[in-house]
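All remarks here apply to the structure that follows.
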Amino acid sequence: MTPEQDQTLDILYFAWVRERIGVAREQVTTSAATPRALVAELAARDDRYAAALADLGALRVAIDQTLSDLDASLAGAREVAIFPPMTGG
Amino acid sequence: MTPEQDQTLDILYFAWVRERIGVAREQVTTSAATPRALVAELAARDDRYAAALADLGALRVAIDQTLSDLDASLAGAREVAIFPPMTGG
Amino acid sequence: MARDICLLDGPFDPGAELTAFTAANPGAGGVVSFTGIVRDADTGGLQHMEIEHYPGMTEAALADIRARACARWPLSGALIVHRHGILRPGEVIMMVATAARHRADAFAAAEYLMDYLKSRAPFWKKEVTGNGAAWVSARDADEDALDRWDRPAQPA
Amino acid sequence: MARDICLLDGPFDPGAELTAFTAANPGAGGVVSFTGIVRDADTGGLQHMEIEHYPGMTEAALADIRARACARWPLSGALIVHRHGILRPGEVIMMVATAARHRADAFAAAEYLMDYLKSRAPFWKKEVTGNGAAWVSARDADEDALDRWDRPAQPA
């Protein structure tokens, strides 16, 4: 699969990202090649998404449950999670 | 009391110092002004004391239950303990 | 068999965990533990804390953090226990324990586990007070704490 | 009321101590503990360990070490428990616990307590094996470990 092709991803949101968007999980068919492109695409949907995803510096992403860079490749990915910095421990 | 005067001290030994000397505690009347002078005086007594007290670098002293320097003053002291480096914890 | 990684949605007793962990590591000279506790929110009046997590990734992240610590120090054991869900003030949030022959290794590994748990395990804390709910912000100091593990060791 | 300093001539349960200590410090965000365990002698075949101490001075030294740690870090609690007498392999020798608002303080204070207990509290360990008895030598590393507390803190 090349990044130019559409692929269907499970998108998960956590903490205040989830609360602002109002959804915990959704399926998205996208041609975004990176989490950065995916976030931009989602942010353009409506005001809720825009408010939740406006500050890229406050977001972290995981691709297939592994913490990843915003510019990592989404080729072959099945699950992308978008969330604030973690506060465990 | 000046250091030149004789004073009576309780001397305590611990661990291998105690084992080599063969005594845990004794009273000594001495004019030693410092632990260093006291240890030299004791080491001169006999072979057991000499063997126990030969290596000053391997000895620690406490004056009245406070860890002290070999050259601290014994003026007014009541109890002096001589022992190897501690191995607590 | 002592447990290595444990994700819980209810209370646990860190003392019982420490006793079991210590008994499971008889060859270690020392065991270090850290226990994190829900304290009152900085603003006061904390009613409860909610911890959200990412099922699936959480377990993998805890196992990965534990494996990295075991690869870096000669540990005879390492334990991570972490709660999610609703917690009351004073309740235990999580604990780590490390066992090693020398205490410096056990201390360093426990601090390493904590630093990575704070910023690299997918948990998010929310504090609920009489004035409403607020997500706990990540502290810059916690992110910075990770950097020390990338630097060469300080001369002793 | 939790205990602060405890000198014992028989076994104790570090887990029970940790639970009591944690309960006694509800305002702390974190509790660090270190537990020291009798491990087999380096030569193998340890039958038992004997710990001699200096009655009177020991209690004063433990209280002094604890007070220094409490003066240096903002701790809500600090505990030292230490055994003397005869101990079998696998038995717990001692433990320290520290409670603080921030984990870095609790970790640093626990390491400080351990470093001072190793070299400044009047305990002497003897290992008894099938080949005879030998006093445990003080390690240069333990004496050196004290130096770091006299140096200014490393930049974070």
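Atom set for the values below is all heavy atoms of this structure, side chains included, hydrogens, waters and symmetry mates excluded. These numbers come from a predicted model, not from an experiment. To find a chain, count down the sequence lines: A is the first, B the second, and so on, and within it residues start at 1.
- For residues 78-89 of chain D, every residue pair satisfying the side chain to side chain donor-acceptor pair (under 3.5 Å) rule, not counting sequence neighbours, is listed here: D/Arg83-D/Glu91.
- Note that the CD1 atom of C/Ile37 and the CZ atom of D/Arg101 stand 12.0 Å from one another [nearest 0.5 Å].
- In terms of heavy-atom pairs under 4.5 Å with chain D, the best-connected choice from C/Gly90, C/Ala141, C/Gly36, C/Gly29 is C/Gly29.
- Neither the backbone nor the side chain of C/Asp147 comes within less than 4.5 Å of any heavy atom in chain D.
- In this structure, D/Leu18 and C/Ser33 have side chains that are in contact, with non-hydrogen atoms separated by less than 4.5 Å.
- Contact count versus chain D (heavy atoms, under 4.5 Å) is highest, among C/Lys118, C/Met95, C/Glu17, C/His102, for C/Lys118.
- Contact between C/Ala16 and D/Thr19 at its shortest, heavy atoms only, is N-OG1, 4.4 Å.
- Between C/Glu111 and D/Arg103, every side-chain heavy-atom pair lies at or beyond the 4.5 Å cut-off.
- Using a 3.5 Å distance cut-off with no hydrogens or angles, the side chains of D/Thr35 and C/Thr22 do not pair a donor with an acceptor.
- Nearest heavy-atom pair across C/Gly30 and D/Phe34 is CA-CZ, 3.6 Å.
- When heavy atoms are compared at a cutoff of 4.5 Å, C/Asp144 does not approach chain D at all.
- When heavy atoms are compared at a cutoff of 4.5 Å, D/Ala145 approaches chain C solely by way of its side chain, counted from C-beta outward.
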